[in-house]
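Notes for the one structure printed next.
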Amino acid sequence: MTKFPDFEGLAMFAKVAEERSFARAAQTLGVSVPTVSRAVSRLEQRLGARLFNRTSRQLALTDFGLRLIDSAARIYAEAETAENTARELATRPRGLIRLAAPMDFGIRWLAPILPDFFELYPDISIDLHMSDAVVDIVGDGFDAALRIAVLPDSSLVARQLTPVDRFILAASAYIDRHGAPEHPRELAAHHCLGYAYRPRQDVWRLRNSEGKEEVIVPSGALRATNSQALVPMALRGLGIIELPEFLAYDYLIDGRLKPILSGWTLPTGALYFVTPSARSRPAKVEVLSDFMVARLSNPAWRWRG
């Protein structure tokens, strides 16, 4: 079986020949003189011939060394070029990013800011996967994801962008017809619209200022895997809906939906930029992370009513 070429020995031989000194070659390579000397001696032993004639004052290539030096120098130069190119690719923002995002958030708030990102980084492209189902970032080969959760997966690296509140809402038509509940327990007698993609069972956990918690299982005529699909029912006055802030904002602003159960709040989650690892993260992912922080840390949909 053919032995693997001694690339290290060839590279150090080429550098010693270029510098005409073991000491200067070692300094240029950032290693010790004995390391360079051992590598060259190992190469000489492997090849069965001396590469240098050495005296206390002079270092010169042997005839054998002269025949080998051009090939060794070319190998060293090509390896150095390849490494520099790879380093540049790793530090320059370019290439494809596979990004996952929730469906409604992606359409309403992510898609409108992406043109600005592409104008800043024309060498980056994004494969955007939008779904309300929680994707396996590592298993499905994603570079990053936007996630809205109370707590992100601890096995991932999560950068919090902004808090995300949730609201229990109803249209005026519903309140006029059925009245507004004053306590969470009263929701059992109301038409509540359910969201099917909770990490666990679809429940509403409400807490008051005294820390008392009520857990409600919504029950009504419609349950869906997409929150936006529930909105027409709520706007028609046919049910009470729970919406995250980024979806509720438009309806709160124009008054089509109104918060109910004042004095009770749902757990505050957050929008996270999530990646598999923070170590050796490509420049393309770093600049996307910074862009998300700049554009989504103080978003327009934060409700301050």
Side-chain angles (χ1 to χ4, degrees), residues 1-99 120-127 137-139 141-144 154-159 273-291 293:
M1 183 176 179
T2 303
K3 290 182 179 181
F4 198 73
D6 187 356
F7 291 112
E8 181 185 57
L10 289 166
M12 290 192 178
F13 160 60
K15 184 55 68 173
V16 171
E18 178 185 344
E19 299 287 348
R20 298 187 178 184
S21 165
F22 278 78
R24 286 196 296 271
Q27 184 177 12
T28 301
L29 294 170
V31 297
S32 66
V33 174
T35 297
V36 176
S37 181
R38 283 194 297 269
V40 173
S41 295
R42 183 181 68 241
L43 183 64
E44 288 177 328
Q45 185 177 4
R46 179 187 176 108
L47 299 177
R50 289 169 55 197
L51 297 169
F52 294 103
N53 288 317
R54 310 171 211 182
T55 68
S56 59
R57 296 184 179 181
Q58 190 174 10
L59 180 70
L61 288 166
T62 64
D63 289 342
F64 181 76
L66 284 169
R67 288 197 295 271
L68 182 62
I69 187 58
D70 287 343
S71 296
R74 185 168 59 253
I75 290 170
Y76 179 81
E78 289 177 354
E80 191 173 42
T81 299
E83 187 173 284
N84 290 337
T85 300
R87 187 179 295 112
E88 182 182 1
L89 288 173
T91 56
R92 186 171 56 183
R94 65 181 302 165
L96 174 66
I97 299 174
R98 296 195 69 233
L99 175 66
L120 289 171
Y121 302 103
D123 293 330
I124 294 178
S125 58
I126 292 178
D127 183 351
I137 295 177
V138 176
F142 286 99
D143 299 295
S154 60
S155 67
L156 302 171
V157 179
R159 186 176 187 180
F273 185 82
V274 182
T275 55
S277 174
R279 289 187 296 176
S280 302
R281 192 156 59 185
K284 60 185 179 181
V285 178
E286 288 289 352
V287 296
L288 180 61
S289 176
D290 292 341
F291 178 82
V293 170

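Predicted, not measured: the structure shown is a model, and the values here were computed from it. Side chains are part of it too, since the values below use all heavy atoms of this structure and drop only hydrogens, waters and symmetry mates.
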*Compare every heavy atom of Met12 with every heavy atom of Ala39, then report the nearest pair and how far apart it is.*
CB-SD, 3.4 Å

*With sequence neighbours excluded, tell me which residues meet side-chain contact (heavy atoms from CB on, under 4.5 Å) with Ser125.*
Leu96

*Give, for atom CG of Leu29 and atom CZ of Arg24, the distance between the pair rounded to the nearest 0.5 Å.*
13.0 Å

*Set of ring-ring contact (aromatic ring centres under 6.0 Å, His included) partners for Phe13, sequence neighbours left out*: Phe52

*How would you list, by chain and number, every residue that makes a side-chain contact (heavy atoms from CB on, under 4.5 Å) with Glu18, sequence neighbours excluded?*
Lys15

*With sequence neighbours excluded, residues passing ring-ring contact (aromatic ring centres under 6.0 Å, His included) with Phe7*: Phe4

*Nearest heavy-atom neighbours spanning Ser289 and Arg159*: OG-NH1, 2.7 Å

*At what distance, to the nearest 0.5 angstrom, does CG of Leu61 lie from CZ of Arg67?*
11.5 Å

*Kindly write out the residues that satisfy side-chain contact (heavy atoms from CB on, under 4.5 Å) with Asn53, not counting sequence neighbours, or none if the list is empty.*
Arg50, Thr62

_Least distance between heavy atoms, Asp6 atom then Arg42 atom_ = OD2-NE, 3.0 Å

*Look up atom CD1 in Ile97 and atom CG in Leu288, then write down how far apart they are to the nearest 0.5 Å.*
4.5 Å

*Approximate separation, where rounding is to 0.5 Å, of Leu68 CG and Glu44 CD*: 10.5 Å

*Who are the side-chain contact (heavy atoms from CB on, under 4.5 Å) partners of Ala11, not counting sequence neighbours?*
Tyr76

*What are the two closest heavy atoms between Thr35 and Ser32, and how far apart are they?*
OG1-OG, 2.7 Å

